[in-house]
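For reference, the structure is listed below as structure tokens.
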Amino acid sequence: MTRRIALQALLLAIVAALFAAAAFNAAKNLEARHIPTSFAFLWQTAGFGLNQSVIPFSPLDSYARALLAGVLNTLVVSALASVLATVVGFAIGFARLSAHWGLSRLAALYVETFRNIPLLLHLLFWYIVLLTPLPQPEQSLSFAGVLLNNRGLYFPFPGLGWPAFDPARNAFNVEGGLRLSPEAAALIFGLTFYTAAYIAEILRAGVQAVPRGQSEAAQALGLSPAQTRRLVIMPQALRVALPPLVSQYLALTKNSSLAAFIGFADLMQVSGTILNQTGAALQTIGIDMALYLGLSMLTLALMRRIEKNSDWGAK
């Protein structure tokens, strides 16, 4: 026992020494090339703006606040897309299981089409084909209290007033309401419909993994088809589907980094701007890795808690 502990301690010491040597060597090389190695740049003035920010942000704020805005944008977009992808994915999954041949074939077509097109093309499609040609603010489209133009979607928001367009006061913008930039909308739509195709297949596989005898036993007990699905089939199907569902939510969070290709101010886009301005590549990439790891762990912890507090997650 003592020998085993000593060997493990020796192995950990060797690994730590290798990491320390690599870090020392990297710092020495960076210093020789006059590349910053400290994190002091985080408190310097950013000097750039963001097209969308959950928190107030201006070019006079620091790089640290810019990173905070970027990671919050990533978190909000990932959360919204996860919820919408779950709703759409479950709807498509149930349609895929439908006894109606036409509905089932349409759902299968959706799954095979959307999951076999690269996500980047989804994002470019939503951004270029659908959002860019939208009208100017003075010709905003209006439906159900929402205004839509080439500067984004504007929703009524408590305390901010009705997002009405006032040409007499401002002929170039929409005043008030909650704004969702075209880049953010394209990212949410792309992530939603792409991930929903995978969620639909995961749900279908989970339902089909439940033995047919479970349904027959429920019918023998006098349960209706709806009660059978809700009380018997779905709890067992979700227990089977949970691990791949968690993987899809984690992948969605990481896939949001493609937002840089359509100009949305997520963590990757903001950190890329910071890297170009400061040259602090090692520190910026290290911060990105730590933040994405934190977002993934947060997603995993949330799903584990949902599993623990749900009847279908019980073992």
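It should be emphasised that the depicted structure is a prediction, and the values quoted were computed from it without experimental measurement.
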Name all residues meeting the side chain to side chain donor-acceptor pair (under 3.5 Å) criterion together with Ser271; count only those two or more places apart in sequence or in a different chain, and write none if there are none. Asp288

Quiz: residues 79-89 side-chain donor-acceptor pairs under 3.5 angstrom, not counting sequence neighbours:
from, atom 1, to, atom 2, distance (Å)
Ser82, OG, Ser78, O, 2.7
Thr86, OG1, Ser82, O, 2.7
Thr86, OG1, Tyr249, OH, 2.6

Euclidean distance, Thr253 OG1 relative to Gln248 CD, rounded to 0.5 Å: 11.0 Å

If we only count heavy atoms from C-beta on, is the Ile117 to Tyr194 side-chain gap below 4.5 Å? no

On a heavy-atom basis, which atom in Ile262 and which in Leu124 lie closest, and how many Å separate them? CG2-CD2, 4.0 Å

Cluster overlap Leu106 with Ile199, hydrophobic side-chain contacts below 4.5 Å: no

Do Gln8 and Leu12 have side-chain heavy atoms sitting under 4.5 Å apart? no

Would you say that Leu252 contacts Thr299 through its side chain, given a criterion of any heavy-atom pair below 4.5 Å between the two side chains? no

Identify the heavy atoms of Ala186 and Leu123 that sit nearest to each other, and give their distance. O-CD2, 3.8 Å

Got a sec, which pairs hit ring-ring contact (aromatic ring centres under 6.0 Å, His included) with one end in residues 75-113, sequence neighbours left out? Tyr110-Phe114

Name all pairs fulfilling the salt bridge (charged side-chain N to carboxylate O under 4.0 Å, His left out) condition that reach into residues 247-270, sequence neighbours left out, sorted by first residue then second. none

Side-chain heavy-atom pair Leu119, Leu191 within 4.5 angstrom cut-off: yes

Evaluate the side-chain proximity of Phe39 to Ile287: yes if any heavy-atom separation is below 4.5 Å, no if none is. yes

With a 3.5 Å cut-off and sequence neighbours excluded, list the donor-acceptor pairs that the side chains of residues 50-58 form with protein atoms.
from, atom 1, to, atom 2, distance (Å)
Asn51, OD1, Ala265, N, 3.4
Asn51, ND2, Gly263, O, 2.7
Gln52, OE1, Ser181, N, 2.6
Gln52, OE1, Ser181, OG, 3.2
Gln52, NE2, Arg179, O, 3.0
Ser53, OG, Ile55, N, 3.4
Ser53, OG, Ile55, O, 2.4
Ser58, OG, Leu60, N, 3.3

Begin with the C-alpha distance, continue with both residues' side-chain angles, and end with the deciding distance and a verdict on side chain to side chain contact (heavy atoms under 4.5 Å, CB included) for Gln269 and Thr273. CA-CA 6 Å; Gln269 200 267 352; Thr273 303; 4.2 Å; yes

By side chain to side chain donor-acceptor pair (under 3.5 Å), which residues pair with Arg204, not counting sequence neighbours? Glu201, Gln208

According to side-chain contact (heavy atoms from CB on, under 4.5 Å), who are the partners of Leu10, at least two apart in sequence or on a separate chain? Ile14

Could you tell me which residues satisfy side-chain contact (heavy atoms from CB on, under 4.5 Å) with Val246, sequence neighbours excluded, listed by chain and number? Leu242, Leu250, Leu300, Met303

List in chain and number order the residues that pass side-chain contact (heavy atoms from CB on, under 4.5 Å) with Ala107, two or more places apart in sequence or in another chain; answer none if no residue qualifies. Ile92, Ala95, Arg96

Can you tell me how far the CG atom of Leu42 sits from the CG atom of Leu68, to the nearest 0.5 Å? 11.5 Å

Honestly curious: do Val240 and Leu97 fall in one hydrophobic cluster under the side-chain, below-4.5 Å linking rule? no

Hey, could you give me the OH/CD distance between Tyr63 and Gln277, rounded to the nearest 0.5 Å? 4.0 Å

What verdict does the side chain to side chain contact (heavy atoms under 4.5 Å, CB included) test give for Leu267 and Asn73, after you've listed the backbone C-alpha separation in whole Å, the side-chain angles of each residue and the deciding distance to 0.1 Å? CA-CA 7 Å; Leu267 175 58; Asn73 283 347; over 6 Å; no

Can you tell me which residue pairs pass the salt bridge (charged side-chain N to carboxylate O under 4.0 Å, His left out) test with a partner in residues 112-136, sequence neighbours excluded? Glu112-Arg115

Is there a chain of hydrophobic side chains (I, L, V, M, F, W, Y, each step under 4.5 Å between heavy atoms) that links Phe189 to Phe125? yes

NE2 on His122 to CG on Asn255, rounded to 0.5 Å: 11.0 Å

Close side-chain approach of Leu120 to Phe261, heavy-atom, < 4.5 Å: yes

Linking Ile, Leu, Val, Met, Phe, Trp and Tyr through side-chain heavy atoms less than 4.5 Å apart, which residues share a cluster with Leu275? Ile285, Met289

Got Leu203 and Met234 here, is their nearest side-chain heavy-atom distance under 4.5 Å? yes

Would Val77 and Phe264 satisfy side chain to side chain contact (heavy atoms under 4.5 Å, CB included), going step by step from the backbone distance to the final call? CA-CA 10 Å; Val77 165; Phe264 175 64; 3.6 Å; yes

Minimum side-chain heavy-atom gap Met268-Tyr292 below 4.5 Å: yes

Restricting to side-chain contact (heavy atoms from CB on, under 4.5 Å), what partner residues turn up for Leu75, sequence neighbours left out? Leu295, Leu298

